[in-house]
Enquirer: 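This structure is in structure tokens; I'll ask about it shortly.
Scope of the values below: all heavy atoms of this structure, side chains included, with no hydrogens, waters or symmetry mates. A quick note: this is a predicted structure, and the numbers were derived from the prediction, not measured.
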Amino acid sequence: MYVSPTKALAQDQLRAFWDFVPQKWQHLFQTYDGDVPHSERSHVRDAAAVMLTNPDMLHCNMLPQHRQWAAWFASLRYVHLYLRSAQFSGRRAA
């Protein structure tokens, strides 16, 4: 599982993965974010070996529906959290 701070970054990383992965295995790399239609989410969950998502989808969709995700989480071996420092408009907390 690759957790990025934004869905745009997850999409960018998916394209980067596809540059290095043979085409016959690209279907195993899937994004699970708010842009995935509800009708396709179970297919993504069942097909993905590598899931790219964001904290919002993890917190609001995957964990509350943990029973549907149980098999996927049971097979999970690695979690990569992409972290970056929070700098907004150049202001920092005092």
Side-chain angles (χ1 to χ4, degrees):
M1 175 183 280
Y2 179 95
V3 182
S4 70
T6 65
K7 64 183 176 180
L9 183 58
Q11 292 289 337
D12 290 346
Q13 290 299 316
L14 178 64
R15 286 189 291 278
F17 282 134
W18 283 352
D19 287 342
F20 294 101
V21 174
Q23 187 172 7
K24 66 180 180 178
W25 293 334
Q26 288 182 0
H27 70 281
L28 298 174
F29 292 75
Q30 300 281 332
T31 57
Y32 191 83
D33 58 31
D35 291 342
V36 176
H38 288 276
S39 60
E40 294 178 23
R41 291 182 180 183
S42 62
H43 169 72
V44 170
R45 181 183 62 231
D46 295 340
V50 177
M51 180 82 61
L52 293 90
T53 192
N54 57 58
D56 185 54
M57 288 301 286
L58 184 61
H59 177 73
C60 295
N61 192 285
M62 298 165 88
L63 294 178
Q65 298 177 14
H66 62 276
R67 287 189 176 100
Q68 288 93 342
W69 285 89
W72 198 88
F73 282 129
S75 68
L76 186 63
R77 293 182 62 190
Y78 302 101
V79 176
H80 176 85
L81 299 174
Y82 179 90
L83 303 173
R84 63 179 172 180
S85 63
Q87 287 185 310
F88 301 101
S89 305
R91 293 185 224 142
R92 296 181 190 214

Enquirer: If the test is side chain to side chain donor-acceptor pair (under 3.5 Å), which one of Asp12, Asp33, Asp35 qualifies with Lys7?
Expert: Asp35
Enquirer: Classify the ring geometry of Phe73 against Trp69: parallel below 30°, tilted from 30° to 60°, perpendicular beyond 60°.
Expert: tilted
Enquirer: Take His80 and Met1 through the test side chain to side chain contact (heavy atoms under 4.5 Å, CB included) and record every step on the way to the result.
Expert: CA-CA 6 Å; His80 176 85; Met1 175 183 280; over 6 Å; no
Enquirer: Quick one: closest heavy-atom pair of Thr53 and Ala10, and the distance?
Expert: O-CB, 4.3 Å
Enquirer: Does a donor on one side chain and an acceptor on the other come within less than 3.5 Å for Gln11 and Thr31?
Expert: yes
Enquirer: Any idea how Phe29 and Phe17 line up, ring-wise: parallel (<30°), tilted (30 to 60°), or perpendicular (>60°)?
Expert: tilted
Enquirer: Kindly indicate whether the side chain of Trp72, heavy atoms from C-beta on, has any atom under 4.5 Å from the side chain of Met51.
Expert: yes
Enquirer: Quick one: CE on Met57 to NE2 on His59, what's the gap to the nearest 0.5 Å?
Expert: 12.5 Å
Enquirer: In this structure, which one of Leu58, Leu52, Val44 forms a side chain to side chain contact (heavy atoms under 4.5 Å, CB included) with Tyr32?
Expert: Val44
Enquirer: Taking the side chain as everything from C-beta on, heavy atoms only, tell me whether Met62 gets closer than 4.5 Å to Arg41.
Expert: no
Enquirer: Can you check whether Tyr82 reaches Leu9 side chain to side chain, under 4.5 Å on heavy atoms?
Expert: yes
Enquirer: Could I get the full list of side-chain hydrogen bond (donor to acceptor under 3.5 Å, both in side chains) partners for Glu40, not counting sequence neighbours?
Expert: none
Enquirer: NE2/His27 to NE2/His43 distance, rounded to the nearest 0.5 angstrom?
Expert: 8.5 Å
Enquirer: Verify the cluster assignment for Tyr2 and Leu76: are they in a single hydrophobic cluster under the rule of side-chain heavy atoms below 4.5 Å apart?
Expert: no
Enquirer: If you measure from OG on Ser42 to CD on Gln68, what distance do you get to the nearest 0.5 Å?
Expert: 10.0 Å
